[in-house]
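Below: the structure, in structure tokens.
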Amino acid sequence: APAEWSSIKRIIGDQLAALRNGDATRAFSYASTGIRDQFDDATTFLLMVQQRYGVLLTARYTEFLDGAVIDGHTIQPLRLVMNDDTVLVALYEMQRDDGGGWRIAGCVIAPSPTAWRKPASSSRSVRSRPSSSTSSSSSASSAISAVIAPACRTCATSRTRRRIRFATRGVPRERRAISSAASAAI
């Protein structure tokens, strides 16, 4: 349901705001029980985030992508654009707490598959498996593409060049129409 995804995005956004403000206690409150059990206190958690997930705190632009349920795990991706135009994706794993609310169960930072990104430096990640999961199910292959695929894989210039190449090569209209449809769908 759209309200569920809005709630998930709000939790992640609130935790990021707390992390950026150095509010360890508030940031730690959004973590799942499994994450809280791994750390002695909120200060230790904040230090770990600063050391291993610094890109979350230094991104110049963030954008939530469409979330998905993959093999019973609720995943909410967040696109991160760094100051040097490197694009990364933070894949948040969410889990329900005992009261039915959402908590952050883990995060993995991965390079984004966008064509215009600069090579990303290596980043470390920690992942915690949730003890419970949502009941929704989805095909893993379609969900993964929905999670990390950018909205547009080729820029307008590339599509224009492709159309010109097709026109100059004498590619039949049917082929051009299929190619244009595929470009529009991307």
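At a threshold of 4.5 Å between non-hydrogen side-chain atoms, the residues Thr74 and Tyr92 do not count as touching. The shortest distance between side-chain heavy atoms of Leu80 and Val87 does not fall below 4.5 Å. Taking the side chain as every heavy atom from C-beta outward, Thr33 and Gln95 never approach each other to under 4.5 Å.
The salt bridge (Lys or Arg N to Asp or Glu O under 4.0 Å) analysis of residues 99-112, with sequence neighbours excluded, yields the pairs Asp97-Arg103. Among pairs with a residue in residues 16-36, none fulfils salt bridge (Lys or Arg N to Asp or Glu O under 4.0 Å), at least two apart in sequence or across chains.
Between Ile109 and Leu88, the shortest heavy-atom distance links the atoms CG2-CD1, 4.0 Å. Listed here is the closest heavy atom pair of Ala105 and Ser32: CA-OG, 3.5 Å. The heavy-atom pair separating Gly67 from Pro77 by the smallest distance is CA-CD, 3.8 Å. Here the closest heavy-atom approach between residue Thr58 and residue Asn83 is recorded as O-ND2, 4.2 Å.
Residues satisfying the side-chain contact (heavy atoms from CB on, under 4.5 Å) test with Tyr61, not counting sequence neighbours, are Glu63, Val81. Scanning for salt bridge (Lys or Arg N to Asp or Glu O under 4.0 Å) contacts around Asp14 gives Arg10, with sequence neighbours left out.
A distance of 8.0 Å separates SG in Cys107 from CD1 in Ile12, rounded to the nearest 0.5 Å. Interatomic distance, Ile70 CD1 to His73 NE2, rounded to the nearest 0.5 Å: 9.5 Å.
Listed for the Gln76 side chain is a donor-acceptor partner under 3.5 Å among the backbone atoms of Leu65. In terms of modelled atom types and a separation under 3.5 Å, the side chain of Arg79 and the main chain of Thr62 share no donor-acceptor contact. Remark: side-chain polar atoms of Tyr30 are not paired, donor with acceptor, to backbone N or O of Leu16 under 3.5 angstrom. Between the side chain of Gln15 and the main chain of Ala27, a donor-acceptor pair closer than 3.5 Å is present.
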Less than 3.5 Å apart, which donor and acceptor atoms pair up between the side chains of residues 42-50 and the rest of the protein, not counting sequence neighbours?
| from | atom 1 | to | atom 2 | distance (Å) |
| --- | --- | --- | --- | --- |
| Thr44 | OG1 | Asp41 | OD1 | 2.6 |

Check: residues 1-8 side-chain donor-acceptor pairs under 3.5 Å, at least two apart:
| from | atom 1 | to | atom 2 | distance (Å) |
| --- | --- | --- | --- | --- |
| Glu4 | OE1 | Arg96 | NH1 | 3.4 |
| Glu4 | OE1 | Arg96 | NH2 | 2.5 |
| Glu4 | OE1 | Trp102 | NE1 | 2.7 |
| Ser6 | OG | Pro2 | O | 3.1 |

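Between Arg60 and Asp85 a salt bridge is recorded (basic side-chain N to carboxylate O distance below 4.0 Å).
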Next item on the list: Verify side chain to side chain contact (heavy atoms under 4.5 Å, CB included) between Leu56 and Tyr53, making sure each step is shown before the conclusion.
Entry: CA-CA 6 Å; Leu56 291 171; Tyr53 295 93; 3.7 Å; yes

Notebook entry, point to check: Given Ile104 and Ile11, is the side chain to side chain contact (heavy atoms under 4.5 Å, CB included) satisfied, shown in steps?
Noted result: CA-CA 8 Å; Ile104 298 170; Ile11 295 292; 4.1 Å; yes

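Counted within 6.0 Å of CG on Asp98, heavy atoms from surrounding residues, nucleotides or ligands total 12 or fewer; the atom is thus considered open.
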